[in-house]
Amino acid sequence: MTTATVTNNQTNPPIKKRGKWSKMGRRFVRNRWAMTGMFLLMLAVVSALFAPVIAPSTPDKADLRARLVAPSWMDDTGKSEYLLGTDQVGRDLLSRIIYGARISLLVGVVSVLISLVIGVILGLIAGFYGRWVDDLLMRLADVQLAFPFILFAIIVMTVFGAGLWKLILVLGISNWVGFARLVRGQVMSVKEMEYVQAAKAIGATNLRIIRKHVLPNVSSSIIVLATLNVATNILLEASLTFIGLGVDPSIPTWGGMLADGRNYLETAWWVATFPGIAIMITVFGINLLGDWLRDELDPNLRV
Amino acid sequence: MKKKVGITACSALLVLAAALGGCSSKPADTSTQANPQPKTEAQAPAKNELTLGVNGDPHSWDPIDTFLLDWSTVATSVFEGLVERTTDLKIQPGLAESWEFKDDKTLQFKLRKGVTFHNGEPFNAEAVKFTFDRLLGEEGKKGPQQANYASIDRVEVVDEFTVNMILKEKDPVLITKLAGYGAVIVPPKYYKEKGDEYFNTHPVGTGPFKMDSYEKDSKVVLVKNETYWKQGQPKLEKVTFRFIPEATTRLAEMQTGAIDIMKKVEISQTESIKGMSDLELMQVGSPTVYSIRFNTSMKPVDNVKVREAIAYAIDADLIIETLLGGYGKRVNSFQSDMSFGYDPNLPLRNYDPEKAKQLLAEAGVKEGTELDLFLPGTDATFKEVAQAIEMQLGQVGLKVKLNLVDSSTFTSDLIPKGKAGHMYRNGWGGWTLDFDNTAYLMYHKGEFWNPDFHDEKVEELLKAERSTFDQEKRLAAFKELNQRLYELVPDVPLYQTINLWAANKRVKGFQPPADERIDLREVSVE
Amino acid sequence: MAAFLIRRLLHSVFVVLAITLVIFVLVRMTGDPVSIMFQAGEPTKEAITELRKNLGLDEPVYVQFGLYLKDMFTGNFGTSFRTGESVIDMMKEKMGATLLLAFGGMFVALLIAIPVGIISAVYRGSVADFFGRIFSLLGISFPNFWLGIMLIIIFAVKLGWFPASGYEGLEYLVLPSVALGLILSGILARLVRSSMLEVMNQQYINTARSKGIKEWLVIIKHGLRNALIPTVTFIGLQFGTLLGGTVIIEQVFSWPGIGRMLIDAISQRDFPVIQGSVIILSFLMIFVNLLVDISYGFIDPRIRQEGGKSE
């Protein structure tokens with residue numbers, strides 16, 4: 001859901017870039033939190049990239065007669081050949097979780113990219129044109145914020161039907177406000193600065209101002225916000241499946257597996273538990289990273 | 001690392017719960033000190049009180065405004081019709097003691113004497129006339145029930161306990177319909193005094209229980225009707241229905257003992273119920289049949305060979321055995337075996353992938369042809385069935401794409417407009433237990449549920465079946481109709497459902513109803 | 001101040017109107033309520049036309065919208081298609097339960113976040129800080145329906161400490177509040193921690209310490225009090241998220257609130273109920289944010305001046 005960011009409109013003098021990033025890199029390696037986060041996230045990323053190599057089977061190979069088979073390490077009869085057991089239509093759970101990383105990361109990352117693009121563009125427009133354009137866009141942001149996201153999603157999915165890309169789009173178009181506000185605030189303060197005025201006077205284009213003065217200063221906040229939003233969106237996918245608006249169940253998504261497996265909790269706990277753990281590990285990893293990034297990049301919070 | 005995280009999470013939750021437990025128990029303690037009575041009462045539930053967990057709240061109790069099964073589960077205990085249907089779906093006298101056709105268009109009822117509504121108002125011919133005037137008049141127009149009773153013209157009072165029902169046209173299933181929702185008898189004086197809106201939330205009927213309180217989306221409490229016309233009934237003093245939409249939560253409430261009877265046990269939950277010694281899993285055959293219907297105007301399923309191939313490629317027996325855990329029954333047509341018109345001699349198409357492949361080849365369907373299958377996203381069990389179908393059709397070279405949609409959009413927009421892909425799930429109850437209802441709505445050209453299928457022979461047989469009261473002739477027409485539909489394959493009948501209920505063993509005399517209308521008159525608790 | 005208030009009020013009016021328009025158009029895209037009401041029957045064409053007329057759906061959409069706006073300004077949000085009940089009455093009936101849950105969630109969030117945040121900040125880098133941070137991040141790593149189900153299974157079924165669902169008394173509020181509040185507590189604990197860190201380094205804290213005031217008193221009296229300001233603002237901003245979260249939590253815990261009413265209304269295409277409740281919910285959110293803005297403006301006059309710019 002929309003995390004309204006408290007913007008830091010105060011102008012930071014342009015920072016010397018190279019030094020900043022490389023120092024950060026060194027601090028990253030020394031930071032246990034960040035490394036742990038990266039490690040957890042990499043589990044998902046590697047699964048997503050090399051799924052066909054790692055996965056013992058394909059995610060859609062099903063055998064109704066072998067449904068809800070227990071994980072091999074807890075099966076006393078020794079018949080189970082599935083490390084994490086099988087799901088409710090007899091597919092190998094481990095393979096589905098590995099392939100599921102692709103979908104879950106796709107949902108999280110692409111939807112945030114959409115929000116980011118919309119937000120940055122609208123933020124720039126609002127900031128540069130000011131006046132009524134700004135007013136209008138900011139009121140639009142208010143409308144977006146005041147409209148409960150989950151209801152917006154339910155209504156849109158009811159109208160257009162469920163589906164992976166529709167889901168990504170819905171998540172994408174309802175989370176742009178935070179980005180827009182960040183960028184707008186930065187544009188507004190940069191615009192007033194003398195050296196920018198001067199640059200403008202000698203004929204610098206808006207594009208150049210954006211590149212030189214706006215984006216470098218907000219990029220860190222944007223990265224933080226984007227990271228945290230990826231985590232939220234992965235969770236929202238699960239919630240939408242819970243109310244019956246998720247994606248096609250043959251597509252392996254962690255959220256879908258978790259929601260569809262909830263009725264088997266007591267008789268075949270693995271069906272829901274392992275996807276749940278996959279979500280938890282990944283989201284936790286992303287949050288660890290995001291948290292560290294925030295400490296690093298958002299000067300307001302750095303003590 | 002993983003392990004550590006898990007333990008941390010658990011311990012954090014425990015600490016948290018303990019903290020909350022500490023602060024929430026305070027008010028409870030003080031109330032116990034002030035008045036020690038309630039706590040003991042809560043521990044040992046008072047005798048003859050029953051709590052049921054049901055899935056949905058119908059929101060309006062007015063019988064002519066509803067078509068929801070959720071309504072009938074509760075309202076059957078509050079309202080009664082002239083005739084009633086037993087738990088195993090047989091017709092028996094209700095508020096009418098007897099009835100007979102005076103002529104083709106006049107149906108006379110002798111009413112039960114000495115019955116009163118919950119508010120003390122007497123039940124008599126006036127009440128019956130008022131009920132049908134309301135149903136068939138302006139008031140009824142606003143609701144979905146009027147259409148079911150279109151064959152009735154009016155009701156005339158003969159004397160205080162006799163009425164004549166004058167018909168517009170023949171209706172072979174009228175008596176069954178009179179056990180339906182819209183025809184339950186409502187109190188004229190009460191309704192006129194209190195108004196429609198008040199009646200919605202404070203219903204009054206002649207049933208074994210009267211509504212004591214209703215909290216929307218939370219619960220409804222019924223108390224015994226002391227003056228109920230059937231001697232010695234009901235046995236319970238108080239019945240509470242709690243509305244619990246999430247199946248996981250309903251099961252949890254069953255396990256904690258907070259509810260005594262659970263409606264709609266999911267097939268995935270059956271093992272949990274069986275695993276508890278104080279609970280009993282109960283099953284009842286339901287008239288609802290699930291099938292995969294085709295859009296017969298869409299390529300390639302406009303070709304009967306393709307439809308037949310799909311019927312052979314789906315292994316319904318395996319689906320029932322595994323996904324449904326045996327809680328389902330094969331059917332040969334789009335009706336249950338309880339339906340008048342079901343022909344047990346009609347053959348089943350058994351799983352035969354080779355034959356399917358051959359038929360597809362004959363029809364010139366290429367390997368990898370894509371087909372859309374539509375289903376509602378909230379049906380957990382059918383989601384699994386659909387995945388099995390996707391896999392089985394995949395084995396004969398058809399690529400199925402599953403489309404999950406909102407169930408209201410699905411039934412009110414996509415299906416009737418022919419926009420539900422090549423195939424879609426359809427579940428139908430045929431509530432009159434007569435194939436007429438299903439067959440007409442599904443196969444008659446231009447019906448809401450049938451945007452594309454048309455066959456002259458089918459139309460003829462439907463007409464034949466409707467134009468007579470002679471059940472022999474109708475059965476013959478249905479037999480021929482079944483045969484014709486078997487050849488044309490407008491749908492692949494999959495299974496007849498079995499509804500699952502769970503009951504605490506302290507509940508006695510409870511029979512799970514096939515039509516979700518619970519009869520609580522004989523139920524008691526230990 | 002007056003100018004700022006008027007400006008903000010005008011904005012709010014605009015936003016409410018815009019939301020009204022959006023929801024009005026959106027619900028009309030979800031399909032025809034009439035065909036849903038007739039689903040099980042065999043309606044005649046006349047019956048359908050008649051019902052549509054009765055519900056006011058036969059007019060062009062812009063006329064319907066005009067009429068709706070007109071009614072809205074007199075405080076009339078129409079009546080439910082399904083039950084004929086007035087939407088305002090339905091809202092009144094449900095609002096209590098939802099607000100109770102939202103406040104319950106908020107209470108849980110604060111109850112966890114404040115101690116966790118303070119301990120993390122005061123003993124920065126210690127084991128307590130370590131667990132505190134893990135906890136606050138784990139809190140936001142579960143889907144909330146899952147958390148709800150797990151709480152029910154652990155604390156209602158296995159341990160029997162709390163009722164699993166329903167709406168009868170205070171003990172029924174515990175599990176849903178935890179499910180709702182835990183997620184927020186993660187974010188809040190983080191915020192309290194960083195605000196505390198910031199405040200504890202200020203000059204006046206050192207001054208207080210040098211006066212020989214007990215450390216815990218310094219923390220509570222000088223540290224926490226100042227650190228709470230951003231926390232309170234944040235809570236205001238998160239109120240909407242919290243209300244949105246109740247939609248799912250109410251479903252899991254059979255809580256009779258607005259969220260459940262809305263999900264039902266959407267599936268039954270009960271337009272007036274969907275419209276009315278979305279508008280009133282949004283109104284509530286705008287109102288809370290306005291309150292936060294204003295109170296913040298009183299606390300810190302600098303923000304008031306910047307109000308137009310940085311809201």
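First the proteins, then the strands, lettered A, B, ... as listed; each starts at 1. Values below: all heavy atoms of this structure, side chains included; hydrogens, waters and symmetry mates excluded.
Rounding to the nearest 0.5 angstrom, the gap separating the CD atom in C:Glu93 from the OG atom in B:Ser218 is 10.0 Å. The distance from atom CG of B:Asp57 to atom CE of C:Met261, rounded to the nearest 0.5 Å, is 12.0 Å.
For NZ of B:Lys445, the number of neighbouring non-hydrogen atoms (other residues, nucleotides, ligands) closer than 6.0 Å is 12 at most.
Residue with the most contacts toward chain C among B:Glu253, B:Gln255, B:Glu246: B:Glu253 (heavy-atom pairs, distance under 4.5 Å). By number of non-hydrogen pairs under 4.5 angstrom with chain B, the leading residue of C:Gly160, C:Ala156, C:Ala164 is C:Ala164. Interface remark: of the candidates B:Ser60, B:Pro58, B:Pro245, B:Pro245 forms the most heavy-atom pairs closer than 4.5 Å to chain C.
In this structure, the salt bridge (Lys or Arg N to Asp or Glu O under 4.0 Å) partners of B:Asp70, at least two apart in sequence or on a different chain, are B:Lys263. Not counting sequence neighbours, the partners of C:Glu85 by the salt bridge (Lys or Arg N to Asp or Glu O under 4.0 Å) test are B:Lys216.
For C:Glu168, the part sitting under 4.5 Å from any heavy atom of chain B is the side chain, from C-beta outward, and nothing else. Proximity to chain C is absent for every atom of B:Ala258, based on heavy atoms less than 4.5 angstrom apart. Residue contact with chain B, scored on non-hydrogen atoms closer than 4.5 Å, is absent for C:Ser80.
Checked for salt-bridge contact, C:Lys94 and B:Asp217 meet the test: a charged N lies under 4.0 Å from a carboxylate O.
Distance alone, capped at 3.5 Å, places no donor-acceptor pair between the B:Thr249 side chain and the C:Phe253 backbone. B:Arg242 places no side-chain N or O within donor-acceptor distance of the main-chain N or O of C:Ser254, the cut-off being under 3.5 Å.
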